[in-house]
Amino acid sequence: MSASISQSDIAQWNHLRDIHDVQPLNEHDRACLDAVRGVLERFDRLDRFGVNLLHKHFEMASDEILVEQVDELGRKLVTKPVKVEVVRDEMPTAYETQWHWLRGSDGAVSLICVSRCFPGNYESPGHVSQHTGW
């Protein structure tokens with residue numbers, strides 16, 4: 001869990017290419033993914049972490065973060081932008097669920113959270129039981 005939101009976490013997808021401008025998976029990508037798999041295997045984390053194709057579908061406002069919202073009965077998982085102010089008080093119980101690396105203007109690379117799950121929040125009633133005991 002994480003309680004803080006950095007400036008780089010807010011509107012974190014805007015620097016990415018639109019899904020229509022992203023190249024399909026190729027052999028060079030497959031070699032990279034094989035190497036990532038090797039690292040996850042070495043650390044015994046194959047069943048904990050995966051890989052996503054980084055892209056965006058829309059711009060996010062400067063005061064938004066992506067939040068996973070779950071409808072267990074309807075079997076739906078939706079990730080949508082939410083104003084930081086709406087979830088600020090729930091940040092201590094949030095689970096970071098997706099990250100990517102971002103290279104700053106100074107060349108430094110930072111790991112930033114790009115999606116969070118808020119168990120038991122107003123949009124996901126009953127979902128809290130899925131996260132207890134972790």
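Between the Glu64 side chain and the Ala61 main chain, a donor and an acceptor come within less than 3.5 Å of each other. A side-chain donor-acceptor contact under 3.5 Å links Thr97 to the backbone of Ser115. Between the side chain of Asn14 and the backbone N or O of Met60, at least one donor-acceptor pair lies under 3.5 Å.
Shown here are the side-chain contact (heavy atoms from CB on, under 4.5 Å) partners of Leu40, two or more places apart in sequence or in another chain: Val36, Arg45, Leu46, Phe49. Residues passing the side chain to side chain donor-acceptor pair (under 3.5 Å) test with Asp34 are Arg37, sequence neighbours excluded.
Under the 4.5 Å side-chain heavy-atom criterion for grouping Ile, Leu, Val, Met, Phe, Trp and Tyr, Val39 is not connected to Leu111 through any hydrophobic cluster.
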Kindly determine whether Val82 and Gln69 satisfy side-chain contact (heavy atoms from CB on, under 4.5 Å), including the steps that lead there. CA-CA 10 Å; Val82 172; Gln69 294 177 325; 4.3 Å; yes
side-chain contact (heavy atoms from CB on, under 4.5 Å) between Glu85 and Asp63, worked out: CA-CA 8 Å; Glu85 279 306 310; Asp63 62 344; over 6 Å; no
Is there a side-chain contact (heavy atoms from CB on, under 4.5 Å) between Leu16 and His100 once you walk through the steps? CA-CA 11 Å; Leu16 298 176; His100 70 246; 4.1 Å; yes
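The structure places CD of Glu68 at 5.0 Å from CG of Leu77, a figure rounded to the nearest 0.5 Å. Annotation: the span from His55 atom NE2 to His20 atom NE2 amounts to 9.5 Å, rounded to 0.5 Å. Taken from CD in Glu96 to CD1 in Ile112, the straight-line distance is 10.5 Å, to the nearest 0.5 Å. Here the straight-line distance linking atom CD1 of Ile65 with atom CZ of Arg116 works out to 4.5 Å at 0.5 Å rounding.
Residues Cys113 and Trp99 share a closest heavy-atom pair of CA-CD1, 3.7 Å. In terms of heavy atoms, Asp21 sits closest to Arg17 at O-CD, 3.9 Å.
Applying the 6.0 Å contact sphere to NE2 of His57 captures more than 12 heavy atoms from other residues, nucleotides or ligands.
Grouped by direct or indirect side-chain proximity (heavy atoms under 4.5 Å, Ile/Leu/Val/Met/Phe/Trp/Tyr only), Leu53 sits with Val22.
With respect to Lys56 and Asp18, no salt bridge is recorded, no charged nitrogen being found less than 4.0 Å from a carboxylate O.
You'll find the side chain of Leu33 reaches within 4.5 Å of the side chain of Val51, heavy atoms only.
No side-chain N or O of Asn26 forms a donor-acceptor pair with one of His28 less than 3.5 Å apart.
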